[in-house]
Amino acid sequence: MTRTYWAAVTAVVLAVLFAAGAVTVAAGKGNEGGGSGGSEASRTPGEDSADAGFARDMSVHHQQAVEMSFIVRDRTKDEEVRRLAYDIANTQANQRGMMLGWLDLWGLPKVSSDEPMAWMAKGGPEQGGHGGHGSHGAHEVRDGSLMPGMATRAELAKLREADGEQAEILYLQLMTDHHKCGVTMAQGCADRCEVGTERSLAQGMVDAQESELALMADLLKARGAAPRP
């Protein structure tokens, strides 16, 4: 069994458990009486909260990972890369559905006028290291990307045109950039989010994607390549 397999299995199991937790939370809210409105409101994230910001931004981030993974599955016959791509697409599609479902449960919009990842800058000077995402995000938007770590339109087009090992290397490099930003964002939620189920999901993303980063570095090395600087 490869590390990819176990990372994917772990992530999918966690996704199922967290989805069950979300249903339990929703059911608990539905059983509360009229006098418990204050308690319910205190447990429902606000529109500008880290919980809502993470759910919105990571849903967008995950959607591109799914897209890139399906692209590379059609551009290579290498079973190891195709298996990795399937694992990423399956896991992140499931997680995306959960996060969008939470936004529905909370009665919050799935899009925001805030700059992507702006919620990560809210947390005091001790977390100021994430404040730099704003200007980097603006640069990525001009280049055809939605937020740091995501591929640009030109890079996606190049991936669609590549074949064989060229497609494998480009996918692994793009997904490495994608995962690095994903880990940073997920750790931001693990540190800032208030809903326990969402914090647990975010920590599961950190663990699984760090494992996949190590695997992708090995796959690139085997192809005489390396992650992009």
Side-chain angles (χ1 to χ4, degrees), residues 10-66 90-134 137 141 146-150 178-179 181-209:
T10 300
V12 171
V13 170
L14 287 173
V16 172
L17 292 175
F18 299 146
V23 172
T24 301
V25 170
K29 287 184 178 183
N31 291 332
E32 289 177 351
S36 60
S39 174
E40 179 177 342
S42 68
R43 290 190 294 149
T44 301
E47 185 172 344
D48 63 347
S49 65
D51 299 80
F54 173 74
R56 283 191 289 257
D57 286 348
M58 192 58 92
S59 293
V60 173
H61 207 255
H62 273 20
Q63 179 60 30
Q64 189 183 76
V66 173
N90 185 55
T91 299
Q92 296 206 13
N94 287 336
Q95 291 172 344
R96 181 174 184 271
M98 291 165 54
M99 291 182 290
L100 293 176
W102 285 335
L103 289 169
D104 281 337
L105 285 173
W106 299 332
L108 299 178
K110 295 183 178 68
V111 295
S112 171
S113 59
D114 287 346
E115 186 176 352
M117 299 172 70
W119 57 273
M120 294 187 68
K122 302 173 184 178
E126 72 279 7
Q127 295 168 343
H130 296 303
H133 284 304
V141 169
L146 297 178
M147 68 184 74
M150 292 183 67
H178 207 271
H179 268 25
C181 183
V183 167
T184 299
M185 203 190 323
Q187 189 61 58
C189 177
D191 294 340
R192 293 169 173 79
C193 290
E194 296 184 358
V195 176
T197 305
E198 190 175 19
R199 283 200 312 272
S200 297
L201 175 64
Q203 187 59 55
M205 290 179 187
V206 171
D207 297 340
Q209 291 191 28

Judged by atom type as modelled, is there a donor-acceptor pair below 3.5 Å linking the side chain of [X] to the main-chain atoms of [Y]?
X     : Y      : answer
Asp51 : Pro45  : no
Arg56 : Pro109 : yes
Arg96 : Val60  : no
His62 : Thr91  : no

Query raised in the report: Does the pair Gln64 and Leu146 meet the rule for a side-chain contact (heavy atoms from CB on, under 4.5 Å), with working shown?
Result: CA-CA 10 Å; Gln64 189 183 76; Leu146 297 178; over 6 Å; no

Report task. Would you sort out whether Trp102 and Val195 count as a side-chain contact (heavy atoms from CB on, under 4.5 Å), showing the intermediate values? Result -> CA-CA 10 Å; Trp102 285 335; Val195 176; over 6 Å; no

Interatomic distance, [X] atom [atom1] to [Y] atom [atom2] [nearest 0.5 angstrom]:
X      : Y      : atom1 : atom2 : value
Met150 : His61  : CE    : NE2   : 6.0 Å
Arg192 : Arg199 : CZ    : CZ    : 13.5 Å
Glu47  : Ser49  : CD    : OG    : 9.0 Å
Asp207 : Gln187 : CG    : CD    : 9.0 Å

Residue pair [X] / [Y]: nearest heavy atoms and the distance that separates them:
X      : Y      : answer
Cys189 : Glu198 : SG-CG, 3.8 Å
Leu108 : Ala52  : CD1-CB, 3.7 Å
Cys193 : Phe54  : SG-CB, 4.3 Å
Pro148 : Cys181 : O-SG, 2.8 Å
Ala186 : Val206 : CB-CG2, 3.6 Å

Report task. Have a look at Met205 and tell me which of Met185, Gln92, Met58 forms a side-chain contact (heavy atoms from CB on, under 4.5 Å) with it. Result -> Met58

Requested in this report: Might you work through the side-chain contact (heavy atoms from CB on, under 4.5 Å) test for Asp57 and Met120, ending with a clear yes or no?
Outcome: CA-CA 11 Å; Asp57 286 348; Met120 294 187 68; over 6 Å; no

